[in-house]
Amino acid sequence: MPELSFREAINQAIAEEMERDDSIFIVGEEVAKYQGAYKVTQGLLQKFGEQRVIDAPISESGFTGLGVGAAMVGLRPIVEVMTFNFSLVAIDQIINNAAKMRHMSGGQLKVPLVIRGPNGPAHQLAATHSQALESIFAHIPGLKVVVPGTPKDAKGLLKSAIRDDNPVIFMESEVMYGLKGEVPEGEYTIPLGKTDVKREGKDITIIAYGKMVNLAMEAAKSLSSDGIEAEVVDPMTVRPLDDEPMIESVKKTNRCIVVSEAWPFASVASEIGYRISSKAFDYLDAPVGLVTAEDVPMPYNKILEHNALPTIEKILNAANSVLYKK
Amino acid sequence: MSDYAVQTNTEEYLSLGRNKLVEMYHTMVLIRRFEESAAKAYSQQKIGGFLHLYIGQEAVAVGSIAAIHKEDYIITAYRDHGHAIARGTDPRILMAELFGKYTGSSKGKGGSMHFFDAERKMLGGHAIVGAQVPLGTGIAFKAKYRKEDAVCLTYLGDAAMNQGAFHEALNLAGLWKLPVVYIVENNMYGMGTAVERASAVTELSKRGSAYGIEGMVADGMNVFAVYDAVKEAAKKARELSLPTLLEVRTYRYRGHSMSDPDSIYRTKQEIEEEKRRDPLEQMKKFLLDEKIATQKEIDRVDEEVKQTVAECVEFAENSPEPPLESMYDDIYVQ
Ligand SMILES: Cc1ncc(C[n+]2csc(CCOP(=O)(O)OP(=O)(O)O)c2C)c(N)n1
Ligand SMILES: [Mg+2]
């Protein structure tokens, strides 16, 4: 299998889908002439022309709403937000319009829209530019929320997201764009709403998604050298949440931690923790542990930033704690 | 750049007095050297995150802030180093903030995009494009509410005018007659997008007319042109409580931020051409031509600034990192 970067995998997914269906267009800041603020849309303008690859002014509410409107009448827009921090400017269009149109129209309308871009902290971008916002979107009935952690998953899931008839929030990461991984050649899709077991193990279940999958895999390696085999379970789509494989895993391991770089309060991590606690209650040998961002706005200082986020050490500590080792 | 006239009323500028004039030049040089030094520290990874340099635009912050009182307020976007320095914040604590140190203006929590100095009524550096425009409008609302003799200079980029927040705020200011001067620093690009590719109307000062707000245009490379325009607009805000939309035409010499591949959207030739209007060179020439300062005095300014910037870096380097527990501070008022 060829190795592709996360960035290339997403670029391929968009290009292949645009090739297949001319109702798809992509709009966002710097997506065309500049080739993408993070070079994800590199070459798309040259391939598909300026009618379908469109540079927008800094007007997130305007062009996201335009995407919702165009989707209501049959186009399949991909709206790129330069980062999800800026999607907050368009939050009304996303929550009140995109998510609810199907319901409010009694099933007459659909909104086949993808809103995608990087999510979560990067490097020292400070409070307004370092937010993992998936829990906010996952809170909303009517939205699907996808947070892939590998290039292969990103490509397959994005293709499904583009073909989905519902609004899908698709969250990438600046610091993962360069990450390489094997991506199958040729056409494939990965269904939304399906959990994947990334590593098998019998001693503890580590549930992680997005960037945190890679951290969880590293932690699993480290635990393995201490004779502990962790099962790493990746929901990939955080809404709808496929909890069955998580519960199956916990039935086997009897111990579970959840890793997320979002804030802990009312979060995807706390939702997963709740589901495990209630649906696998009789199998748990310890309360479910959460490893999340600290409950603070992100400080600019590098050391504070590092300490505000999940780290391998924090994952190992949480694992040891549910394993009652020290 | 010839569709507006620069009225050089030498007499009036001379009335500012020699000290003030030399000080304005000093501040422009300080901003430039401070940022050159910050760029170097960034390449040495002593500064992280986004660093947006103001180099080329110095006349805007210096000319506008020279034209207001110390009771007045200012607020701007993330390209904020020049405004804080011009407002008189100790550049050492600004450099320390860039280095993320505990002695920094925001104790290392804000970084380059978030310079604040509440004491000097500098109400921030704001990193979400357009977000500061309603805030500046609210600050002007307070000045009027409390019958203060104060105005608020609200700076924004050309591209920020395309945000809904800008339009909603301007309507409020027009409707409620608020003492605010919106200063659009038109540096011709929002990141890699030229103004004419982002705005349906490219005469930006006209975009206030929908809200009954008078527009003005000034040469942003000429510190006196900025000074004059802001003086007039601030007077109108102060005496008549009327807002103004002032477009200043300027240019950023560096990339949008340190990570911007400049070459995609503009030519080297364009940059070189714009540099011929350099605000520092223009001011220096004025000081020498009008015999306000001698070459020797100009050289002394350069020397002093060099010294100051070296002290800034030394202070920042020798300052402590914030303690880990400090990440929980300053989230709520206790
Ligand atoms: C709401 C929002 N969208 C996008 C961005 C990313 N961004 C930061 S600065 C910028 C360009 C702004 O240009 P302009 O307003 O002209 O100011 P300049 O940078 O030229 O000073 C963009 C797109 C952001 N910070 N906030
Ligand atoms: Mg600009």
Side-chain angles (χ1 to χ4, degrees), chain A residues 28-39 42 45 50 54-65 81-93 121-131 174 263 293-309, chain B residues 45-51 78 97-102 104 106-114 125-131 157-168 190-195 197-200 256 259-261 264-265 321-331:
Chain A
E29 289 154 23
E30 311 289 356
V31 298
K33 189 174 178 197
Y34 196 82
Q35 307 290 312
Y38 298 100
K39 300 290 163 270
Q42 186 129 37
L45 172 67
E50 56 187 29
I54 308 166
D55 277 328
I58 309 174
S59 311
E60 286 86 0
S61 174
F63 65 76
T64 304
V81 285
M82 195 176 280
T83 75
F84 265 96
N85 301 291
F86 314 143
S87 76
L88 297 180
V89 176
I91 203 80
D92 176 58
Q93 291 298 338
H123 296 298
Q124 284 194 271
L125 302 184
T128 61
H129 279 53
S130 314
Q131 307 177 87
E174 290 106 304
W263 292 298
E294 294 298 310
D295 198 16
V296 302
M298 186 60 77
Y300 161 73
N301 176 276
K302 196 175 187 167
I303 301 167
L304 297 190
E305 179 182 59
H306 179 75
N307 282 280
L309 287 169
Chain B
Q45 298 184 335
K46 291 177 181 166
I47 298 174
F50 286 140
L51 184 71
Y78 44 84
E97 187 58 33
L98 297 182
F99 279 60
K101 296 300 182 73
Y102 203 40
S106 293
K107 302 175 196 158
K109 294 217 178 114
S112 162
M113 303 196 286
H114 306 292
H126 296 271
I128 298 297
V129 169
D158 44 278
M161 298 181 87
N162 304 315
Q163 282 289 34
F166 168 83
H167 293 274
E168 296 180 26
M191 243 175 114
T193 304
V195 167
R197 296 185 61 239
S199 179
H256 167 72
S259 51
D260 170 36
I264 300 180
Y265 57 90
E321 299 285 349
L324 282 190
E325 322 78 75
S326 75
M327 86 167 80
Y328 305 100
D329 296 344
D330 299 321
I331 298 172

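Just the heavy atoms: all of them, side chains too, but no hydrogens, waters or symmetry mates, feed the values below. Remember, it's a predicted structure, so these values are computed and weren't measured experimentally. Residue numbers begin at 1 in each chain, while the letters A, B, ... track the order of the sequences.
- Ranked by heavy-atom pairs shorter than 4.5 Å toward chain A, the options B/P323, B/S326, B/A131, B/G192 are led by B/G192.
- Residue A/K33 touches chain B through both its backbone and its side chain, counting heavy-atom pairs closer than 4.5 Å.
- B/F50 and A/H129 have perpendicular rings, their planes meeting at more than 60° on a 0 to 90° scale where under 30° would count as parallel.
- If you tally non-hydrogen atom pairs under 4.5 Å between each of B/Q163, B/M161, B/E321 and chain A, the highest count goes to B/Q163.
- Contact of the B/I331 side chain with the A/P297 side chain is registered, since non-hydrogen atoms from C-beta on lie closer than 4.5 Å.
- No more than 12 heavy-atom neighbours from other residues, nucleotides or ligands sit within 6.0 angstrom of NZ on B/K107.
- The most heavy-atom pairs under 4.5 Å with chain A, out of B/A160, B/G190, B/G111, come from B/G111.
- Contact annotation for B/D260: both backbone and side-chain heavy atoms come within less than 4.5 Å of a heavy atom of chain A.
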Inset, instruction - Walk me through it: do B/M191 and A/E29 pass the test side-chain contact (heavy atoms from CB on, under 4.5 Å)? - result: CA-CA 9 Å; B/M191 243 175 114; A/E29 289 154 23; over 6 Å; no
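- Only the side chain of A/F86 comes within contact range of chain B, with at least one heavy atom under 4.5 Å from a heavy atom of that chain.
- The CG atom of B/L324 sits 10.0 Å away from the NE2 atom of A/H306 when rounded to the nearest 0.5 Å.
- Nearest approach of B/I264 to A/K39, heavy atoms of both residues: CD1-NZ, 4.3 Å.
- Within the 4.5 Å cutoff, no side-chain heavy atoms of A/I58 are placed close to those of B/F166.
- No side-chain donor-acceptor contact under 3.5 Å links B/N162 to the backbone of A/S59.
- Interface remark: of the candidates A/E60, A/M298, A/E305, A/E60 forms the most heavy-atom pairs closer than 4.5 Å to chain B.
- When all heavy atoms of B/K109 and A/A126 are compared, the pair lying nearest together is O-CB, 4.2 Å.
- Between the OH atom of A/Y34 and the NE2 atom of B/H256 there is a distance of 7.5 Å, given to the nearest 0.5 Å.
- When each of A/N301, A/N85, A/N307 is scored by its heavy-atom pairs under 4.5 Å with chain B, the top score falls to A/N301.
- The candidate from B/S199, B/A127, B/S112, B/S259 with the greatest count of non-hydrogen atom pairs under 4.5 Å with chain A is B/A127.
- Using a 3.5 Å distance cut-off with no hydrogens or angles, the side chains of B/E97 and A/Y300 do not pair a donor with an acceptor.
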